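Heads up, the thing below is written out as structure tokens.
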Amino acid sequence: MNYNSQTWTELSQTFAFLGNSLLAPMSQTERHGIDPSFWREFPNFKNKAVATAISHCLAYAENKRVNMNEDDLVREISVEYTHLFVGPPHPSAAPWETFYRGESVSIGFGEATFEMQRLLREAGLQISNDNNQYADHIGIELLYLATLCERASHGEQSSADIATFTSKHPLSWIGALEQCIYDECTDGYYQGVVKLAGALLSMVAHDPREHIDK
């Protein structure tokens with residue numbers, strides 16, 4: 001995984017966008033995801049799986065913008081976010097790693113939470129979010145990864161450490177999260193976002209070199 005400084009910077013920006021997108025509803029965050037031009041310019045890192053996921057996000061944005069104005073679409077996506085990740089009475093697609101560490105887990109605070117708290121503390125980072133999410137929330141894990149990638153762009157973080165974290169934490173459970181989202185909302189916004197996150201995580205962890213020409 002011998003990425004240059006620019007690629008690490010792009011990865012940092014990408015994971016930061018995805019992390020923020022999954023940490024709060026679109027009504028509280030950026031609206032870039034409903035702009036088709038945003039997805040047309042989104043970096044695919046010459047990776048087939050990433051490019052396919054971007055195409056999914058682009059198709060969603062193009063199809064929705066034909067029949068809905070921006071405010072209505074943001075409202076619809078925010079309702080979808082609440083249904084999937086908040087409830088009531090509980091999330092349909094729990095966004096915390098703890099839920100995917102064992103069977104019949106019913107609380108969102110476990111060993112994965114403690115592990116992420118330790119990693120954040122050792123990195124000199126502090127959780128500051130209005131929703132008071134657990135440290136093993138998918139959005140926080142992606143934001144932590146964004147920080148690691150930014151540090152790698154300055155030669156301050158090894159690619160091996162990034163691959164290890166990625167494999168052990170977000171990549172180990174994002175497939176199960178994507179399946180939960182698919183089961184609940186097959187044509188929604190967040191299926192594409194999580195699919196894209198999974199493709200990027202796999203690329204960073206394994207560097208399969210399934211490159212495309214573009």
Side-chain angles (χ1 to χ4, degrees), residues 1 3 7-26 29-35 38-39 41-61 77 80-81 84-86 91-100 112 116 119 129 131 133-150 152 162-208 210:
M1 197 168 54
Y3 299 138
T7 300
W8 281 122
T9 297
E10 288 182 340
L11 283 168
S12 175
Q13 294 169 346
T14 298
F15 283 124
F17 165 74
L18 294 171
N20 284 320
S21 297
L22 291 166
L23 198 54
M26 188 176 284
T29 59
E30 302 169 326
R31 297 185 171 194
H32 300 319
I34 61 174
D35 182 356
F38 173 75
W39 295 114
E41 298 299 322
F42 203 91
N44 61 34
F45 302 98
K46 297 183 178 181
N47 180 279
K48 290 181 180 179
V50 173
T52 298
I54 293 171
S55 296
H56 184 111
C57 295
L58 172 60
Y60 175 89
I77 292 172
E80 179 191 343
Y81 180 96
L84 289 173
F85 306 128
V86 180
S92 299
W96 307 286
E97 183 178 347
T98 293
F99 274 80
Y100 304 90
M116 281 306 303
L119 289 171
N129 65 85
N131 298 322
Q133 293 290 357
Y134 296 126
D136 59 335
H137 188 285
I138 185 60
I140 293 174
E141 291 192 359
L142 293 177
L143 289 173
Y144 173 77
L145 182 55
T147 298
L148 297 187
C149 291
E150 177 60 25
I162 291 175
T164 297
F165 166 77
T166 302
S167 297
K168 183 177 181 180
H169 288 283
L171 184 58
S172 70
W173 63 283
I174 198 165
L177 175 62
E178 182 184 346
Q179 183 62 52
C180 289
I181 293 172
Y182 178 81
D183 291 343
E184 288 293 324
C185 192
T186 58
D187 58 352
Y189 174 73
Y190 290 99
Q191 183 188 352
V193 170
V194 172
K195 183 185 294 292
L196 175 56
L200 286 163
L201 290 169
S202 182
M203 184 189 80
V204 168
H206 305 304
D207 192 19
E210 295 177 353

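Model, not experiment: these values are computed from the prediction. The residues of the chain are indexed from 1 along the displayed sequence.
- The backbone N or O of A94 lies less than 3.5 Å from a partner atom in the side chain of Y100, making a donor-acceptor pair.
- Under the side-chain hydrogen bond (donor to acceptor under 3.5 Å, both in side chains) criterion, E141 pairs with W173, sequence neighbours left out.
- Minimum interatomic distance between T166 and A205 (heavy atoms only, all atoms of both residues): CG2-CB, 3.9 Å.
- For H32, the ring-ring contact (aromatic ring centres under 6.0 Å, His included) test picks out F38, with sequence neighbours left out.
- Remark: the backbone N or O of T164 is not paired with any side-chain donor or acceptor of S167 at under 3.5 angstrom.
- D136 places a side-chain N or O within 3.5 Å of a backbone atom of T98 that can act as its donor or acceptor partner.
- Distance CG/L11 to CG/L148: 11.5 Å, rounded to 0.5 Å.
- Atom CG of L200 sits about 11.0 Å away from atom CG of L171, to the nearest 0.5 Å.
- The structure places CG of L143 at 10.0 Å from NE2 of H137, a figure rounded to the nearest 0.5 Å.
- Side-chain contact check for I181 versus F85: some heavy-atom pair is nearer than 4.5 Å.
- Residues Y3 and F45 keep their aromatic ring centres 6.0 Å or farther apart.
- For the atom pair CG of L196 and CD1 of I174, the computed distance is 9.0 Å after rounding to the nearest 0.5 Å.
- By the 4.5 Å heavy-atom criterion applied to side chains, I77 and Y60 are counted as neighbours.
- In this structure, M26 and Y81 have side chains that are not in contact, with every pair of non-hydrogen atoms separated by 4.5 Å or more.
- Note that CG of L22 is 9.0 Å distant from CZ of F17, once rounded to the nearest 0.5 Å.
- Summarising the geometry of A152 relative to I162, their closest heavy-atom pair is CB-CD1, 3.8 Å, with the distance given to 0.1 Å.
- Counting all heavy atoms, side chain and backbone alike, G33 lies closest to A61 at O-CB, 4.0 Å.
- Counting heavy atoms from C-beta outward, H56 and Q191 have side chains that approach closer than 4.5 Å.
- A donor-acceptor pair shorter than 3.5 Å cannot be found between the side chains of N20 and T29.
- Note that the CD1 atom of I54 and the CD atom of E41 stand 11.0 Å from one another [nearest 0.5 Å].
- Residue C180 comes nearest to A93 through the heavy atom pair CB-CB, 3.8 Å, listed as atom of the first residue, atom of the second, then distance.
- Within the structure, salt bridge (charged side-chain N to carboxylate O under 4.0 Å, His left out) pairs that include any residue of residues 187-205 comprise E178-K195 (at least two apart or interchain).
- The shortest distance between side-chain heavy atoms of Q133 and W96 falls below 4.5 Å.
- Considering only heavy atoms from C-beta on, T14 comes within 4.5 Å of F42 through its side chain.
- The shortest side-chain heavy-atom distance between F15 and L201 falls under the 4.5 Å cut-off.
- With hydrogens and angles ignored, the 3.5 Å screen pairs no side-chain donor or acceptor of W39 with any backbone N or O of S55.
- Contact record, S12 with E150: OG-CB, 3.5 Å, taken as the closest heavy-atom pair.
- You'll find the side chain of I138 stays beyond 4.5 Å of the side chain of V194, heavy atoms only.
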